[in-house]
> 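Would you mind keeping the following structure in view while I ask a few things?
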Protein chains: 2
Amino acid sequence: MAIRLTDVADEAGVSLATASRVLNGSARKPAEEISEKVRAAAQKLGYFPNAQAQALARASTKLIGLVVHDIADPYFSSIARGVQKGIQANGIQLLLTSTGGEADREALAVRAFMSHRTDAIILSGSRRFSEDHELAELLESYQTNGGQVAMIGQPFPATGGIQLDNEGAASELAGELLKAGHRRFVVLAGNPDYMTAKHRADGFTGKLKRSGVPVETALYGAFSREGGYLAMGDYLDQAESQETANQICVFCVSDVMALGAIRAIRERGLRIPEDVAIAGFDDIPTLGDVTPSISTARLPLEEIGRLAGEMVVAHSNSKLVVMTGTPVLRESTER
Amino acid sequence: MAIRLTDVADEAGVSLATASRVLNGSARKPAEEISEKVRAAAQKLGYFPNAQAQALARASTKLIGLVVHDIADPYFSSIARGVQKGIQANGIQLLLTSTGGEADREALAVRAFMSHRTDAIILSGSRRFSEDHELAELLESYQTNGGQVAMIGQPFPATGGIQLDNEGAASELAGELLKAGHRRFVVLAGNPDYMTAKHRADGFTGKLKRSGVPVETALYGAFSREGGYLAMGDYLDQAESQETANQICVFCVSDVMALGAIRAIRERGLRIPEDVAIAGFDDIPTLGDVTPSISTARLPLEEIGRLAGEMVVAHSNSKLVVMTGTPVLRESTER
DNA sequence: ACTATCGTGGAAAGCGCATTCCCAAGATCT
DNA sequence: AGATCTTGGGAATGCGCTTTCCACGATAGT
C-alpha cells in the first residue's frame with residue numbers, strides 16, 4: 001500500500017542502506033550527488049517513513065504518554081498544553097489518555113503506554129492514599145527498562161517530576177485571608193483520599209489553627225465542580241436554618257470546586273463577597289472570565305506542564321522540582 | 001531489556017507461534033492446557049506485547065490521531081473528551097496535536113500521523129479559505145492508503161465527517177434575538193479567512209438583512225478570546241465618543257470571543273445586558289460559570305467528538321453527518 | 001482396514017527499517 | 001610504484017511479532 005524505503009531506493013537506483021542513510025539522519029553522509037537522487041525519488045513517490053518500523057529498528061519511538069483525569073477540565077488541559085510546548089520541536093508525539101481519576105484506568109493507561117513503548121510517561125492528576133501500589137510497580141519496571149517518568153503533583157519517591165507544594169500554598173493563602181480580615185472559615189475539602197485535596201485542606205486548616213482561628217466546618221465530597229456544588233449547597237441549606245452562613249469565607253481545595261460552590265451560593269440568592277467570600281486553588285484560566293474575580297492560590301499550570309515535558313525529553317529522570325503556589329486575593333474575598 | 005514473546009514461549013516450552021496465538025486474539029485457539037501454560041509464563045515474566053512490532057506485523061496500529069487548534073481551549077477540549085469516549089474500549093490510543101491554528105503545522109501534524117500509521121485521523125478546527133490545498137492532498141493520499149478521516153466543521157468533499165451547520169444556527173439565533181426585541185446589532189466576526197467564522201457571521205447578518213434590520217457594524221479580528229477583547233474594546237472606545245454604543249446587541253462568532261468581549265465591556269463600566277447585550281456561539285462548558293449567563297447557539301461538542309470517534313472506528317469513512325446548533329437565549333440578551 | 005479429513009503445534013517467511021560488516025576503489029604516504 | 005588508509009556503497013542481519021504453510025497424528029468415512 002504505502003511507499004516503502006525500498007521503493008525509494010529502487011527508484012533512485014541505490015541500495016536500501018544508502019536510501020536510509022540519506023533520508024534519516026545517519027552518521028554517514030552519502031555523496032551529495034547520490035543524496036540528491038534519493039531525495040528526488042522520495043519526493044516523487046511521496047515517501048513517508050514508517051514510524052513503527054523505525055521504532056522497531058531503533059530503540060526509541062519518539063512517543064510520550066500523558067495521563068490526566070479529564071482533558072476537558074481546565075486544570076488538565078492547561079497542563080496538557082504546556083506539555084505539548086515542552087516536547088514539540090523534537091518531533092515527539094503525544095499519546096493522551098483521560099482516566100476519569102479511576103486508579104485502575106490509570107494503571108491501564110500506563111500499561112498501554114508501555115505496550116506502545118513510549119519513551120516517557122507523564123502522570124498528572126492526584127495520587128490517592130489508597131492502593132497506588134500497582135501503579136508504582138508498573139512505573140518502576142518501566143523505569144528499569146529505560147523509560148522516563150515524570151509525575152506532576154506528588155511524585156513517587158522513585159520517579160521524580162514536579163512536586164506541587166499544595167500545603168505551603170494553602171497555608172499562605174490562609175494567612176492572606178486572615179490579614180484581609182476574615183475570621184469565619186469553611187473548607188470544602190473534596191475527597192480526602194486524594195493527596196492533593198488533603199494537603200490543601202490540611203495546609204489551610206493548619207495555618208488557621210496555629211493562628212487561633214480554627215476552621216468552623218470542613219465538608220467532604222467529590223473533588224470536582226459537581227462536588228463543590230453539592231457540598232456548598234448542603235452546607236448553605238443547613239446553615240440557613242441556623243442562620244449561621246453569614247460573613248463566612250469558604251476555601252475550596254480547587255478552582256473547579258469553587259466554581260461549583262459559587263453556583264450553589266448564587267442559586268440561594270446570596271452575594272459574593274458581601275454574604276459569603278470564597279477562594280479556590282490553581283488559578284485556572286477560566287477564572288479570568290468569571291465575575292467577581294476569584295481569589296485563589298496560583299499555580300503556573302502551563303509552565304508546570306512545559307517543565308515536565310522538557311524534563312522527560314532531557315532524560316533527567318529522577319529529578320525533582322518543587323513548584324510553589326502564590327496566593328492571589330481578588331474580589332471574591334474582599335470585605 | 002523488555003520481555004519478548006520469544007521469552008514467554010521458551011519459558012512455556014512452546015513455539016513462538018503458539019505463544020502468539022494464545023496471548024493475542026488469534027482465530028486459532030490452542031488447547032486449553034497449553035494456553036494455560038503460556039498465560040502463566042507471560043504472567044510470571046511480566047510480558048507486554050510490543051505495540052510497534054504488532055503494528056508492523058499486523059496492518060493496524062490501534063492509534064488514531066486528533067488535531068486541534070488549542071487543547072486548552074474549552075471548545076477543543078470538549079471535543080477531545082468526546083473523541084476519547086468514542087474510541088475507548090477498543091483499546092485504541094489517541095495521538096494529540098495542537099496546531100495553534102496554523103495551516104503548516106496542521107499539515108505537519110497530519111504528516112506525523114501518517115508516519116505513525118494511525119488508523120484514523122480526526123481534524124477539528126476550522127478550515128481556511130486560503131491554501132488548504134496541501135492538507136487536502138495529504139488526506140487524500142492517506143485515504144487511498146486505507147486511512148480513515150473525519151473532519152469536524154467543514155469536511156472536505158472527499159473526507160466526510162461531521163458538518164456543523166454554522167450558518168443555519170447563526171441565522172436561527174438572529175431570529176430569536178429579533179423576537180426578543182433587539183434591533184441594533186453589532187457582529188464580532190473574527191477572522192473571515194476561517195470558514196467557521198465567516199459562515200457564522202454570514203448566517204447572522206443574512207438573516208437580519210432579510211428581516212429588514214441590517215447589522216450596523218461588523219468587526220474583524222482574531223478568532224480568539226484576545227480577538228474578541230480587542231475588537232470589542234476598539235468599538236466601544238470609538239462608539240463612546242459618538243454616544244452610539246447603547247442598547248446594542250453584540251453577536252460574537254464564538255463563545256471565547258464573547259468572553260473576551262465581555263471583559264472589554266465590563267472594563268468600561270458598562271452593564272450586561274442593560275447597556276449592551278451579548279451572544280456567543282458553541283455553548284462551551286465555561287459558560288456555565290459566568291454571570292450573567294450567556295446566550296449562544298448550542299453545539300453538542302462532546303457528542304460531536306464522540307460521534308467522530310465512533311465514525312472512524314466503525315470505518316464509515318466518507319459518511320457525512322450534519323450537526324445543527326440550537327439557539328439558547330439567556331440572561332445576557334434579556335431586555 | 002485403508003484412505004480422506006480435520007485439528008494442532010511448529011518452522012519459517014515476512015512487516016519496513018537501521019545498522020553492522022564487508023569489499024572495491026580512490027587517496028595518501030614513503 | 002607498492003603499501004596503507006580512507007571513503008562510500010551494498011549485502012545481510014535483526015528488531016518483535018503475525019501469519020501462512022507444513023507435518024503429523026487423530027478421527028471419520030465407506
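Remember, predicted model here, so these are calculated numbers, not experimental data.
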> Please give, in whole Å, the distance from D:dT18 P to B:Q52 CD?
13 Å
> Around A:E32, counting heavy atoms of other residues, nucleotides and ligands shown, do more than 12 lie under 6.0 Å from its CD?
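Yes, CD of A:E32 has more than 12 neighbouring heavy atoms, counting only those of other groups under 6.0 Å.
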> Whole angstrom is fine here: how far is it from CG in A:L56 over to C1' in D:dT18?
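Taking atom C1' of D:dT18 as the reference, CG of A:L56 is at 13 Å.
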> A:Y47 has an atom OH; how far is it from atom P of C:dG16, in whole Å?
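My rounded result for the distance is 10 Å.
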> Could you tell me whether the side chains of A:Y142 and A:T118 share a donor-acceptor contact shorter than 3.5 Å?
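Yes - a donor-acceptor pair under 3.5 Å links their side chains.
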> A:Q54 side chain N/O closer than 4.0 Å to the phosphate oxygens (OP1, OP2) of C:dA18?
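Affirmative; the distance criterion is met.
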> For B:R21 and D:dC21, give me the distance from atom CZ to atom C1', rounded to whole Å.
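B:R21 atom CZ is separated from D:dC21 atom C1' by 11 Å.
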> Let me know the distance between CG of B:N50 and C1' of D:dG14, rounded to the nearest Å.
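Value for this atom pair: 14 Å.
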> It should be established whether A:T18 places a side-chain nitrogen or oxygen under 4.0 Å from OP1 or OP2 of nucleotide D:dG10.
yes
> Flag yes if more than 12 heavy atoms outside B:E140 fall under 6.0 Å of its CD atom; otherwise flag no.
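Atom CD in B:E140 is not packed in, count stays at 12 or less.
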> Checking all strands, does A:S20 fall into the base, sugar-phosphate, or nothing category for heavy-atom contacts under 4.0 angstrom?
base
> Is the side chain of A:S78 donor-acceptor paired with the backbone N or O of A:P74 at a distance under 3.5 Å, no angle test?
yes
> Of A:P30 and A:L16, whose closest DNA chain D nucleotide lies nearer the 5' terminus?
A:P30
> Check the distance between C:dC17's P and B:H116's NE2 and give it to me in whole angstrom.
13 Å
> Round to a whole Å and report the spacing from CZ of A:R4 to C1' of C:dG16.
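Result: 8 Å.
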> Could you check whether atom CD of A:Q43 has more than 12 heavy atoms from other residues, nucleotides or ligands sitting under 6.0 Å from it?
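No, CD of A:Q43 has 12 or fewer neighbouring heavy atoms, counting only those of other groups under 6.0 Å.
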> Does B:R58 or B:K29 map to a spot on DNA chain C nearer the 5' end, using the closest nucleotide for each?
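The residue closer to the strand's 5' end, by nearest nucleotide, is B:K29.
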> Which whole-number value in Å describes the distance from A:L5 CG to C:dC17 P?
5 Å
> Need one value for A:A31: base, sugar-phosphate or nothing, where a base atom within 4.0 Å counts as base even if backbone is also close, heavy atoms only.
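Result for A:A31 = sugar-phosphate.
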> Is it the case that C:dG16 (base atoms only) and B:R117 (side chain only) share a donor and an acceptor within less than 3.5 Å, ignoring hydrogens and angles?
no
> Does A:N24 make a side-chain N or O approach to OP1 or OP2 of C:dC17 shorter than 4.0 Å?
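For C:dC17, neither OP1 nor OP2 has a side-chain N or O of A:N24 closer than 4.0 Å.
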